[in-house]
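The next block holds one structure in the form of structure tokens; read it before the comments.
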Amino acid sequence: MKNREIILWTINIALIGAIILYFVINSNSTQNTSKVTVKNQPTKSLPTKKVSISTNTNTNIAPKNNTISTTPSYSLAEVSQHNNETSCWTVVSGKIYDITSYIYSHPAGVDRILQGCGVDATRMYGRVGAHDVSRLSNVFVGNLK
Ligand code: HEM
């Protein structure tokens, strides 16, 4: 009888223990899921904030960098090194143009156009009515310092 009672008690204790364990595990898992949902809420809202900040900073920085890097400037000393038919830079109204490709097709002759290579040709260029600065936009090199 005593042995049976002991066995029954141990079974009871084991059952109660199992039930308690079940509830403990269940309560932990529900807490975890609730934590996950709580964690998910801020992570959902964070990316939208980050994206708006990053695009703002990009749009603020990109145009400034582009405008600086796409318009180089050179001194007249640098322009003067391009003073022959192999490399002919000229200055017209503060802007530098590489007119090398026009030399042998110049209507008034090669010698005339070569006079403008490596120098500020604003006056020479301006004297001729047929000259049009807008034609030179495709050979624009940069601004004169
Ligand atoms: C900056 C360098 C240049 C100088 C010093 C220069 C000089 C001259 C001179 C002295 C004339 C003759 C004007 C006359 O006889 O009445 C002329 C004519 C002309 N040049 Fe230039 N030139 C230059 C660049 C250019 C370039 C880059 C072009 C083309 C994009 C060009 C196109 C012409 C044309 C179309 C004429 C008129 C020809 C005619 O009326 O028959 N020139 N140039």
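Each ligand, and each atom within it, is numbered from 1 in the order the structure gives. One is the number of the first residue; the rest follow in order along the sequence.
For the pair D132 and ligand 1, no heavy-atom separation below 4.0 Å is found.
Linking ILVMFWY residues whenever their side-chain heavy atoms come closer than 4.5 Å, directly or via other members, places I99 and V92 in the same cluster. When hydrophobic clusters are built by joining Ile, Leu, Val, Met, Phe, Trp and Tyr residues whose side-chain heavy atoms come closer than 4.5 Å, directly or via intermediates, L136 is grouped together with L114. With hydrophobic clusters built from ILVMFWY side chains whose heavy atoms lie under 4.5 angstrom apart, W89 shares a cluster with L144.
Geometric assessment of K95 against the ring of F140 yields a positive cation-pi assignment under the 6.0 Å and 45° thresholds.
Across all non-hydrogen atoms, the minimal contact from G116 to A121 is CA-CB, 4.0 Å.
Between H106 and H131, the ring planes lie tilted relative to each other; the angle falls in the 30° to 60° range.
Evaluated for a side chain to side chain contact (heavy atoms under 4.5 Å, CB included) with E85, the options V110, I113, I103 yield exactly one hit, I103.
Each of the atoms 27 (C), 30 (C) of ligand 1 lies under 4.0 Å from some heavy atom of L136. Ligand-side atoms of ligand 1 in range of A121: 1 (C), range being under 4.0 angstrom from any heavy atom. In the vicinity of T90, heavy-atom distances shorter than 4.0 Å reach the ligand 1 atoms 1 (C).
With a cut-off of 2.8 Å, the protein N/O/S atoms near atom 21 (Fe) of ligand 1 add up to 2.
Partners of I11 under the side chain to side chain contact (heavy atoms under 4.5 Å, CB included) rule, at least two apart in sequence or in another chain, are I7, L15.
Among all non-hydrogen protein atoms, the one lying nearest atom 2 (C) of ligand 1 is I99 CD1, 3.7 Å.
The proximity of V92 to ligand 1, defined as any non-hydrogen pair under 4.0 Å, does not occur for either the backbone or the side chain.
Note that atom 40 (O) of ligand 1 has no protein non-hydrogen atoms nearby, at separations under 4.0 angstrom.
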